[in-house]
2 protein chains.
Amino acid sequence: MAVAYERIADTLRQSIRAGQLRPGDRLPSEAKLAEEFQRSVPTVRDALRVLRDEGLIEKQHGRGNFVRRPRTTAVRTNLRHQWEKSRARGPVAERARTGATEHDTGLQVGDLVFHASYREIVADENLSEAFALPAGTPLLERSYRTRHTAESAPFSLVTSYLVHGLIAANPDLLDETKEPWPGGSQSQLYTVGIELDRIEERVTARPPTPEEAAELELPPGTSVLVLRKTSIDIKERVVGVSDVILPGDRTEILFTTPLERW
Amino acid sequence: MAVAYERIADTLRQSIRAGQLRPGDRLPSEAKLAEEFQRSVPTVRDALRVLRDEGLIEKQHGRGNFVRRPRTTAVRTNLRHQWEKSRARGPVAERARTGATEHDTGLQVGDLVFHASYREIVADENLSEAFALPAGTPLLERSYRTRHTAESAPFSLVTSYLVHGLIAANPDLLDETKEPWPGGSQSQLYTVGIELDRIEERVTARPPTPEEAAELELPPGTSVLVLRKTSIDIKERVVGVSDVILPGDRTEILFTTPLERW
DNA sequence: GAGTGGTCTAGACCACTGT
DNA sequence: CAGTGGTCTAGACCACTCC
């Protein structure tokens, strides 16, 4: 190994992988490591940054560097879509009892705190392409933040778009104070006569923007899952688009693909 | 903004977002930026590292720092599973003509270079849980690397596991020189009488290990998509597990969920 | 060879944590 | 308060790119 900071990182990485340093353990202080490896403190810090970027350690200002514990993950499954559709026409009481997120996570309604805000916009190039409608088409933009009661950071950032012209028939749908709507968006769409045929979800991963990192309280060096959900109705129209940002180290997305019998 | 390197990063980030610095543009040299902002070069480098971690710029040794272009993405869709199942019993000639990856990407068979290696192992704790079988159960581990002819880095790292006892009836399935098998693994499983009922795919994101970063030629600061695919047969047995590592900045996973009619 | 980023030093001072 | 990591300086020398 040519460079000093990589040699130091390799040595520490091996200690972690071999279990000599266990999750939660504190590493020797940066000054101690510098002395041990006969290098300057900034060089040791370069090595520690490598390990932090790999998600192996966590830096805590004033306390030390710690071996990271694997995160517990929240699950989001695509079975939620059929579940939501089946209930969309059901009685309000049943719809209000629990939502799709509670269905995925096994939590109760009271365990989640929910915030929504609405805004009327027009389609830019990106959304125009997603909806297959001309740029400038009026849309309703809805922003959602959902978090566990016990935690300060939301576990997802959702920005959802609906075609204004398709939903204006029900003024309640334009009113953010009616949120959370019992039964979710498929129930909302049902009130204006829209039935979904299928849902397409595109998943990629990238580093968070500083804004996303702050809102999700992401430690440096973690990534976000980006999910774009497209709702297509039985007339083959794109009636809804949602962008969902999920913390990569806390989230698992589960997709089940049923296969036809031979 | 309290700290110097964040102020510098913010200024440059805004220039990029506003389009004053466009994709492909070279930033001023680190020495120039240091002079411009009245800070030392290492401080400027701290700022540039922030932007690199956000995926906004790319460092090129000896050339400069460049605004990054958004990557073109390869798509992987779950429609491939039904497509593969439908062909699994078809004539060899048709199966050999094109595979699931070509189906997803729209490429020809000759555009892809394929490498496989087999190894016989026993289930560790992780795999034992995934298969719902006792630890120590004999498995066949298969490693695949697939890349475009024109590129040096593979676009996925696949490690796939099959239950040895279920496939040993066909010795060809234990022979890596028979790869690539026309029609893929569902066709392989068909030769030992296994039919799949469904496929479950779990997706998370995390920073790459150094080994993954090297093999996929990932620039620092990018993440990988981790996909665990579980194949369940019509007798509700887990008959296959695959771990797929995909470069987060080059890959899009598309899942379609069909919904039943009201 | 000129210009660029990559690595590294040997300190300084500040901010945070826990006693 | 002592100990920790966070920020920053003002250089040095090396490795790479391009002319």
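Just so you know, these numbers use all the heavy atoms, side chains as well, and skip hydrogens, waters and symmetry mates. Below, chain A is the first sequence line, B the second, and so on; all start at residue 1.
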May I have the distance from [X] (atom [atom1]) to [N] (atom [atom2]), rounded to whole angstrom?
X       : N      : atom1 : atom2 : answer
B/Phe66 : D/dC16 : CZ    : C1'   : 13 Å
A/Lys59 : C/dC16 : NZ    : C1'   : 14 Å
A/Glu30 : C/dC16 : CD    : P     : 16 Å
B/Gln38 : D/dT9  : CD    : C1'   : 13 Å
B/Glu58 : C/dT4  : CD    : P     : 18 Å
B/Glu35 : D/dT9  : CD    : P     : 14 Å
B/His61 : C/dG5  : NE2   : C1'   : 5 Å
B/Glu6  : D/dC8  : CD    : P     : 8 Å

(message) For A/Ala214, is there any backbone N or O sitting under 3.5 Å from a side-chain donor or acceptor partner on A/Glu217?
(response)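 Judged by distance alone, no pair lies under 3.5 Å.
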Do any side-chain nitrogens or oxygens of [X] fall under 4.0 Å of OP1 or OP2 in [N]?
X       : N      : answer
A/Tyr5  : C/dT7  : yes
A/Asn65 : D/dT4  : no
A/Arg63 : C/dG18 : yes

(request) Let me see the working for B/Asn126 and B/Arg228 under side chain to side chain donor-acceptor pair (under 3.5 Å), right down to the final yes or no. (result) CA-CA 12 Å; B/Asn126 172 6; B/Arg228 166 159 286 195; 3.0 Å; yes
(message) Run B/Arg142 and B/Tyr144 through side chain to side chain donor-acceptor pair (under 3.5 Å) and show every step you take.
(response) CA-CA 7 Å; B/Arg142 310 179 297 172; B/Tyr144 297 95; 3.1 Å; yes
If you look at every strand shown and take non-hydrogen atoms under 4.0 Å, does [X] touch a base, only sugar-phosphate, or nothing?
X       : answer
A/Arg39 : sugar-phosphate
B/Ser40 : base
B/Asp46 : nothing

(message) Assuming nearest nucleotide by heavy-atom distance, tell me which of A/Val41 and B/Gln60 is located more 5' along DNA chain C.
(response)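 Upstream on the strand: B/Gln60.
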(message) Does any part of the side chain of B/Leu225, heavy atoms only, come nearer than 4.5 Å to the side chain of B/Thr204, both counted from C-beta?
(response)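 No. Closest side-chain heavy atoms not under 4.5 Å.
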(request) Write down the atom of B/Ser223, the atom of B/Pro208, and the distance for their closest heavy-atom approach. (result)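 Of all heavy-atom pairs spanning B/Ser223 and B/Pro208, the closest is CA-CD, 4.1 Å.
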(message) On DNA chain D, does the nearest nucleotide to A/Pro28 precede the nearest nucleotide to B/Pro42 from the 5' side, or the other way round? Give the residue.
(response)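 Upstream on the strand: A/Pro28.
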(message) Taking the axis from the first five pairs and the axis from the last five, what angle separates them in the helix from C/dG1-D/dC18 to C/dG18-D/dC1, rounded to 10 degrees?
(response)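 The two end axes of the helix from C/dG1-D/dC18 to C/dG18-D/dC1 meet at 20°.
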(request) Please say whether more than 12 non-hydrogen atoms of neighbouring residues, nucleotides or ligands are located less than 6.0 Å from CD in B/Glu35. (result)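 Result for CD/B/Glu35: open.
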(request) Check whether more than 12 heavy atoms from other residues, nucleotides or ligands sit under 6.0 Å from atom CD of B/Gln60, and answer yes or no. (result)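 Count over threshold, so yes.
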